[in-house]
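The figures here come from the full heavy-atom set of this structure, side chains too, leaving out hydrogens, waters and symmetry mates.
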Amino acid sequence: MTAILEAREINKTFGAVTAAKDINISVVEHEIVGIIGANGAGKTTFVNMVTGWLRPSTGQILFEGRDITGMAPRRITRLGICRSFQVAQVFMTMTVFDNLMIALGIAESRGLLALLPLRRGDLEARADAILQRYQIVEYRDQVSSTLPQGVRKLLDIAMAMVARPRILLLDEPTSGISVEEKFGLMDIVMGALKDEGVTVLFVEHDMEIVERYVSRVIAFYQGEIICDAAPAEALVDPKVKEFVIGGEPQGWSTHDTAGAGERADA
Amino acid sequence: MEPSRDWTIPGLTIGFAIVAVSGAVFLPDWLLNQMVISFSRALAVVGLMVLWRTGLVSFGHALYFGLGAYTVALLGKEFGVSDVLITLPAAALASAAVGVGLGFIIRKYREIFFAMLSLAFSMVLYGIVVKTEALGSTDGFSVLSPTLLGMSSDDAGVTLVSLFLGLCLVGWAVAVLVHRYLKSVLGSLTTAIRDNEIRVEYLGYSVAEAIHGKYVMSAALAGLGGGFLAISLGQVDPDSMINWTVSGELVFVTILSGPGSVAAPFIGSLIFELIRTYAFEWLPYAWQLIVGATLLIIIFFLPDGVWSLITRLAAGRGDKR
């Protein structure tokens, strides 16, 4: 299968600190890839390089065979790679609906079309459909700064999905979310993403989430990839256990992991 | 929840029509003159309001205000052109052109750096004009009497009323166009950029380009306002057109008006001019005290400007019903 995203020999240094070292990743369409690692392992740096926030010191990033290394974030977004953030990036003084309207307005109105009214029937209908899909209809007219963390995360992801990307990168979608909420949130998100047929890479600390939703795990340690395998294999890898998980995760067993692989692939 | 109907454009149309007719028929010349000066400044303030909504405050828009004024004056002085259909668009275009150039630099800066850089640019122009004899140096020079399609009047009163009516028409058109702009996708990026530039960039729009566009628009409007002021005063000079105090006045009126509506700059500017006129009459040696106190009252009690008072009163009346 042809790769939709390729990172070739990526290196990134900040002064004496190496944040990424010889990163080689190839992702095929419709894969759901979990990126794991301890704090400072280089996960978010990798996401930032793919989405244009950081330029790799050396190496190449290809999207559908096209070199996107060092491109501006907006150009990468326009090409079809979108992202959400560890701290939800929404327009705090606006309502949930207005957030989505702005996202839709930008996605659907290029050039002089951007001078068309933002409030128009087709966009409003789409915004309402997105609210339904992400199950945040009840927050439609609530100002974003007053939203619960989980809802703000959903809004952040929904806004990233408005442009109908080919690849979505999620940076710790469940961080700051309560244990009770996290599976509910991920079920909503992964359900919506599956419907759209989007390729997903998500950074995650929570091994239960990784185990349940991904078809492939890439583990980072000190800027290097130490494991790239299916969850069943990756989560029992000695290096991953030592440098990422730090022992057996709670409520996790080899038997469970095998099952998780099946669920993710299903 | 369905959004309530937007009455801004009908309101602007009725409001400007009433002001134009009542001003032309009933107002004495001195008050009409105040209104011309107020509305000229208001054109520049509309542009500053757009920038303010984006989270940007310019302390240097006298650059464009003065550029517009001097463009009108120079067209008359050097080429004998006095037709307002040429001089006023030229004023707006000259300012917009300079705004395009400087915008490439200024769009990279935010907050105090944006404000101070814009001030620095305006002081460069001020310095050039003050030191240039051909531009009248500190004394400035006079502006040709305005004509419209070759028509002119020797009666100063007729000229003033004509200028006032023209300004009302242009003010209405600017307010309607800027209102429509603010309701567009591009216009809605004002608040979005102020709230979260990162998200705008990751939605696929260039924040720098959006700010650049708004900056050029504000420059053009300031140039147009400066052009009108030059015609109404019949004179241009650096201190009343380009100096930093002029930029300060524009920011003052922007705060006084508030960002709530495109109508606000016209009301705020008129209030400012009246306060200044009466303050000068009552306390000729300390009129700035009254103007300063007014600004303090606005900041403490009406942080969203006089427009917020109007909307509060309107909301209160609606509740009583």
Q | Within 6.0 Å of CH2 in W172(B), more than 12 heavy atoms from elsewhere | A | no
Roughly how far, to the nearest 0.5 Å, is [atom2] of [Y] from [atom1] of [X]?
{"X": "I106(A)", "Y": "E201(B)", "atom1": "CD1", "atom2": "CD", "result": "10.0 Å"}
{"X": "S188(B)", "Y": "L118(A)", "atom1": "OG", "atom2": "CG", "result": "4.5 Å"}
{"X": "N196(B)", "Y": "D156(A)", "atom1": "CG", "atom2": "CG", "result": "9.0 Å"}
{"X": "I76(A)", "Y": "Y202(B)", "atom1": "CD1", "atom2": "OH", "result": "7.0 Å"}
{"X": "I198(B)", "Y": "F85(A)", "atom1": "CD1", "atom2": "CZ", "result": "6.5 Å"}

(Q) Using heavy-atom distances under 4.5 Å, tell me whether R180(B) contacts chain A through its side chain, its backbone, both, or neither. (A) neither
Q: Please state whether the side chain, the backbone, both or neither of E197(B) comes within less than 4.5 Å of a heavy atom of chain A.
A: neither
Q. Hey, does the Lys NZ or Arg CZ of R199(B) hover above the aromatic six-ring of F91(A), less than 6.0 Å from the centre and inside 45° of the axis?
A. no
Q | Minimum side-chain heavy-atom gap T191(B)-T93(A) below 4.5 Å | A | yes
Which region of [X], side chain (C-beta onward) or backbone (N, CA, C, O), has a non-hydrogen atom less than 4.5 Å from a non-hydrogen atom of chain B, or is it both or neither?
{"X": "A103(A)", "value": "both"}
{"X": "V90(A)", "value": "backbone"}
{"X": "S144(A)", "value": "neither"}
{"X": "S109(A)", "value": "side chain"}
{"X": "L116(A)", "value": "backbone"}
{"X": "R75(A)", "value": "neither"}

Q: Just give me the residue among L203(B), V207(B), L186(B) that pairs up with chain A most often, heavy atom to heavy atom, under 4.5 Å.
A: L203(B)
Q. Which heavy-atom pair separates M92(A) from D195(B) by the least distance, and what is that distance?
A. N-OD2, 3.2 Å
